[in-house]
Amino acid sequence: MKRSAGLILAAMMLGISAAAGAQMPPRPVPKAVNSAARPKLVVVIVVDQMRADYIEKFRGQWTSGLKRLVEQAAWFREAAYPYAATETCVGHATISTGALPAMSGMVANAWWDRESQKLVTCTADPKAKNSGYAGTAANGGDSAWRLRVPAFADELRFQAGAATRVVTFSLKARAAIMLGGHKADAATWLEGDGWVTSNVYGTLPFIEAYAKAHPVKEDYGKTWTLSLPRSAYLYDEKAVGAVAPGGWDLSFPHPLRGRSGGSEADEAFYGQWATSPFANTYLTKLAETAIDQLGLGKGGGTDYLGVSYSSTDYVGHSFGPQSWEVQDTYARLDKDLGELLKHLDEKAGAGNYVVALSADHGVVPTPESMSQTGADAGELHIPEVQQKIEDTLKSFGYAAPAVARIASADVYFAPGIYEKLKAEPAALSAVMAAIRGVPGVADVYRAEDLTDRPATNSPIRVAESNSFFPARSGDLVIVPKPYWLGVSSPAGKSRDSGTGHGTPYYYDQRVPILLMGGGIQKGEYFGAATPADIAPTLAALCGITLATHDGRVLSEALFKKSATAAPAVPH
Ligand SMILES: [Zn+2]
């Protein structure tokens with residue numbers, strides 16, 4: 001199974017060298033291939049850090065796009081990621097491919113690369129070169145070359161038999177790239193003061209024109225105020241445990257003026273902009289321009305548009321999931337999505353497109369707000385874990401530093417150390433006991449506990465193994481206690497964000513899945529589902545085959561040919 005996946009990938013990687021630069025005109029497709037039921041446009045919307053219960057808690061604040069989706073879509077209310085590494089790159093790769101990280105290889109936003117002995121991001125590609133639109137400076141190179149399986153969008157353009165245009169937008173490279181896959185006509189993200197892409201993808205003239213006409217700094221001087229009456233918000237106005245971006249108070253209004261006292265767009269301004277609803281509105285307008293300029297949904301085949309809204313994540317990290325900032329961001333996103341869906345109805349045609357909305361992960365409440373309820377909550381200081389490991393190994397005669405890096409929850413030892421530890425069980429046991437002794441640690445697994453996705457009754461171990469990929473994951477993997485936030489700051493020092501995610505607990509794993517459009521049976525579905533089911537379901541609607549995937553077709557939400565089905569016959 002692994003070999004055939006490798007061959008498919010190799011074939012795809014070869015294809016990448018052919019430039020995707022030119023704007024591909026739609027080509028007619030023979031009738032036999034273009035079934036009437038097949039959508040003309042697939043729209044995948046990821047709302048970064050959208051907890052499933054935001055719908056249940058905040059839907060009363062919505063009047064437009066989010067309301068329409070909740071009422072007219074197939075809503076999978078109990079969808080959750082079945083793995084531990086609930087991070088952005090991982091979630092986007094899962095939605096995009098239908099494969100869990102144990103198969104896709106996307107185990108984190110960044111991991112320790114044992115070969116180069118460096119931390120690498122999930123999209124870092126030494127052979128690629130990024131370039132900026134409208135004079136924006138670009139650094140490094142990014143692509144999906146570390147993604148070990150084809151994306152749904154890759155398979156769609158390969159199998160559809162007609163021109164498929166693939167276009168994605170996000171503030172984050174890892175979101176735009178994972179949604180677009182190995183090859184896209186355009187994958188566009190924000191870097192510094194403007195929009196960039198990589199030479200692995202195409203550059204489209206309309207994006208250049210839009211970026212020139214609408215520089216981000218145009219929003220300098222705007223102020224983010226509450227968009228709903230004060231009585232519409234839940235919880236307290238001032239979020240407990242929040243850490244606001246530089247230059248901002250902990251409550252409204254939030255002026256986009258950079259560092260206090262500044263008079264022009266500085267680095268702090270771009271941070272504030274990304275942490276505001278204005279960036280979501282910008283992405284929506286970019287997506288609408290793509291629909292217009294490329295005529296998405298009007299070609300001979302099935303086009304693909306991916307939009308990942310990142311500001312919801314930045315706002316959530318700063319202010320926490322109960323803040324008025326999060327609620328207002330969703331109230332405004334509701335309006336943006338209403339505009340986008342209206343635009344799709346008018347331009348692509350109602351019934352011609354299918355929308356899948358989900359999130360890449362959820363988020364944990366701030367430790368301070370959880371502590372107020374009497375729950376066991378706090379900060380898990382990663383530097384303390386590292387120090388405890390070094391101290392323990394010193395007593396067994398190991399030279400420091402024995403730990404190369406702790407990235408996310410993964411402990412990577414310096415070359416040769418873990419092999420030595422495995423031959424010295426007393427030392428390894430002592431290290432694991434030391435890690436378990438750090439406040440906030442629930443457990444720690446050895447790499448060999450998690451390989452080959454072991455059958456076990458422990459849901460946490462299953463979740464950890466579903467996001468374990470031997471070459472990339474740690475030698476040891478730390479499991480935090482519920483409601484304990486992993487922080488990179490040492491004990492006694494303040495942390496750099498209000499809260500976070502990345503654990504095997506439901507507040508990080510549970511996200512919405514909303515499917516709307518032709519072929520979808522609307523309703524509320526309470527059966528088990530994961531975001532890995534989205535790509536196989538879209539593949540079924542589009543009549544294509546994914547070579548490998550962990551997800552299933554959400555068949556309960558697909559229209560049946562006949563309402564009076566014959567009784568099932570065992571076979
Ligand atoms: Zn995210």
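Order of appearance sets the numbers: ligands from 1, and atoms from 1 within every ligand. The structure presented is a predicted model; accordingly, all values stated were derived computationally and were not measured.
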**Student:** Nearest 10°: the angle subtended at the Zn ion (ligand 1) by Asp360 OD2 and Asp48 OD1?
**Tutor:** 90°

**Student:** N/O/S atom of His361 under 2.8 Å from the Zn ion (ligand 1), yes or no?
**Tutor:** yes

**Student:** Would the Tyr210 and Trp195 ring centres measure less than 6.0 Å apart?
**Tutor:** no

**Student:** Testing Ser473, Cys89, Cys122 for side-chain contact (heavy atoms from CB on, under 4.5 Å) with Val107, which one passes?
**Tutor:**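 Between Val107 and the candidates, side-chain contact (heavy atoms from CB on, under 4.5 Å) is satisfied uniquely by Ser473.
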
**Student:** Under 2.8 Å from the Zn ion (ligand 1) - does any N, O or S atom of Gln49 fall there?
**Tutor:** no

**Student:** Look only at the side chain of Gln272 and the backbone of Trp248, and say whether a donor-acceptor pair between them is shorter than 3.5 Å.
**Tutor:**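 Here the side-chain-to-backbone pair does not exist.
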
**Student:** Examine distances only and state if a side-chain atom of Asn130 and a backbone atom of Ala138 form a donor-acceptor pair shorter than 3.5 Å.
**Tutor:** no

